[in-house]
Amino acid sequence: VLDAIEIFSGDVRDPNGVREAMRGIDVVYHLAALISIPYSYHSPDTYVDTNVTGTLNVLQAARDLGTDKIVHTSTSEVYGSAQFVPITEDHPLQGQSPYAASKIGADQMALSFYRSFDTPVTVIRPFNTYGPFQKTDMEGGVVSIFTSRDIEGETLKIFGDGTQTRDLMYVADCARFIVDGTLEEDAVGEVLNAGTGRDVSIN
């Protein structure tokens with residue numbers, strides 16, 4: 001598989017580089033983003049540059065090049081603290097961090113291009129994805145943190161009473177959803193949550 005992959009080094013904040021990377025491409029899966037929530041509190045401008053302006057660059061290139069399909073990858077963080085469960089695509093958006101706010105902005109930019117210019121965009125919002133090669137610090141999520149601590153023989157540390165829940169989705173299932181779910185014609189212009197629909201408590 002790796003032999004069939006062409007690496008195009010660049011920066012999503014560079015509109016010319018983005019356009020060149022997308023030239024001749026039918027379907028674009030846009031996953032470029034800054035994702036660290038803690039870092040976003042003291043450097044929010046970098047999140048706007050990468051997540052909002054970077055997404056704008058992808059959308060502008062798609063419009064100019066006549067790209068067949070854009071899949072914009074968002075996050076369940078845009079919903080903030082759950083007001084009801086399960087969280088549906090109609091759940092109110094709430095930017096509880098600059099990171100979440102930047103992803104809301106990117107989502108709305110993507111949807112505005114669909115509404116304004118008929119750009120064929122689908123927005124995907126994955127929930128708590130886990131799997132191999134994930135970071136093992138606070139950015140990695142509970143599964144990677146617990147797994148790495150268990151391997152090292154360390155005590156598992158639970159914050160609060162452990163009754164808080166997560167919708168945990170294995171990375172291969174998430175990738176399959178992103179590819180299969182977004183190629184349907186009726187997915188254009190839609191927001192799709194990517195999760196299992198099952199709540200798992202930290203305990």
Side-chain angles (χ1 to χ4, degrees), residues 8 10-35 37 40 44-129 167 169 174-195 197:
F8 186 103
D11 190 322
V12 74
R13 297 170 298 180
D14 171 20
N16 297 315
V18 169
R19 184 175 285 101
E20 283 307 306
M22 289 173 55
R23 194 176 300 280
I25 302 300
D26 298 324
V27 180
V28 173
Y29 295 94
H30 170 39
L31 292 95
L34 281 179
I35 63 170
I37 294 173
S40 77
D45 55 325
T46 62
Y47 285 73
V48 173
D49 286 346
T50 301
N51 298 346
V52 181
T53 305
T55 297
L56 175 61
N57 291 338
V58 171
L59 296 165
Q60 291 276 39
R63 186 179 174 213
D64 293 345
L65 297 169
T67 306
D68 292 342
K69 185 68 184 285
I70 302 292
V71 178
H72 167 66
T73 307
S74 180
T75 171
S76 61
E77 285 292 327
V78 299
Y79 297 122
S81 297
Q83 297 178 23
F84 56 81
V85 291
I87 294 175
T88 67
E89 290 85 351
D90 296 321
H91 190 285
L93 303 179
Q94 187 170 246
Q96 289 185 195
S97 66
Y99 162 68
S102 73
K103 293 300 284 185
I104 291 171
D107 292 3
Q108 294 304 314
M109 187 64 70
L111 293 170
S112 78
F113 264 64
Y114 167 71
R115 296 177 187 128
S116 301
F117 311 117
D118 293 322
T119 305
V121 175
T122 300
V123 175
I124 300 290
R125 291 182 179 149
F127 279 69
N128 301 89
T129 307
D167 185 334
M169 189 176 200
C174 186
R176 190 175 301 110
F177 179 92
I178 289 173
V179 173
D180 294 346
T182 57
L183 293 180
E184 301 294 331
E185 277 300 316
D186 58 2
V188 175
E190 296 296 325
V191 174
L192 303 175
N193 286 346

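Just so it is clear, the model here is predicted, and its values are computed rather than measured.
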I want to check something: taking the side chain as every heavy atom from C-beta on, are [X] and [Y] in contact at a cut-off of under 4.5 Å?
X	Y	answer
I70	M22	yes
T53	R13	no
Q108	L93	yes
I25	F8	no
T122	Y114	no
Y29	I124	no

To the nearest 0.5 Å, what is the distance between [atom1] on [X] and [atom2] on [Y]?
X	Y	atom1	atom2	answer
D107	N51	CG	CG	10.0 Å
L183	I178	CG	CD1	11.5 Å
D45	S102	CG	OG	11.0 Å
M109	T55	CE	OG1	8.5 Å
K69	T119	NZ	OG1	12.5 Å
S76	M169	OG	CE	11.5 Å

- Item | Aromatic plane relationship, F84 with H91 - under 30° parallel, 30 to 60° tilted, over 60° perpendicular |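 Aromatic pair H91/F84 classed tilted.
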Which heavy atom of [X] sits nearest to which heavy atom of [Y], and what is that distance?
X	Y	value
P126	S74	CD-O, 3.4 Å
T129	C174	OG1-SG, 3.8 Å
A61	V18	CB-CG1, 4.2 Å
V191	Y79	CG1-OH, 4.5 Å
F177	N193	CZ-O, 3.4 Å
A100	V78	O-CG1, 4.1 Å

- Residue pairs, two or more places apart or on separate chains, that pass side chain to side chain donor-acceptor pair (under 3.5 Å) and touch residues 57-66: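 Qualifying pairs: R19-D64.
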- Message: If you apply the rule side-chain contact (heavy atoms from CB on, under 4.5 Å), what do you find for L59 with V121, and how did you get there?
- Response: CA-CA 9 Å; L59 296 165; V121 175; 3.8 Å; yes
Backbone N/O of [Y] and side chain of [X]: donor-acceptor pair under 3.5 Å:
X	Y	value
T50	L34	no
T73	H30	yes
D68	V27	no

- Query: Cut-off 3.5 Å, side chains only: do Q96 and S81 have a donor facing an acceptor?
  - Reply: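 S81 and Q96 do have a side-chain donor-acceptor pair below 3.5 Å.
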- Does a sphere of radius 6.0 Å around CD in Q83 hold more than 12 heavy atoms from other residues, nucleotides or ligands, not counting ones at 6.0 Å or beyond?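 Buried by this count: over 12 neighbours within 6.0 Å.
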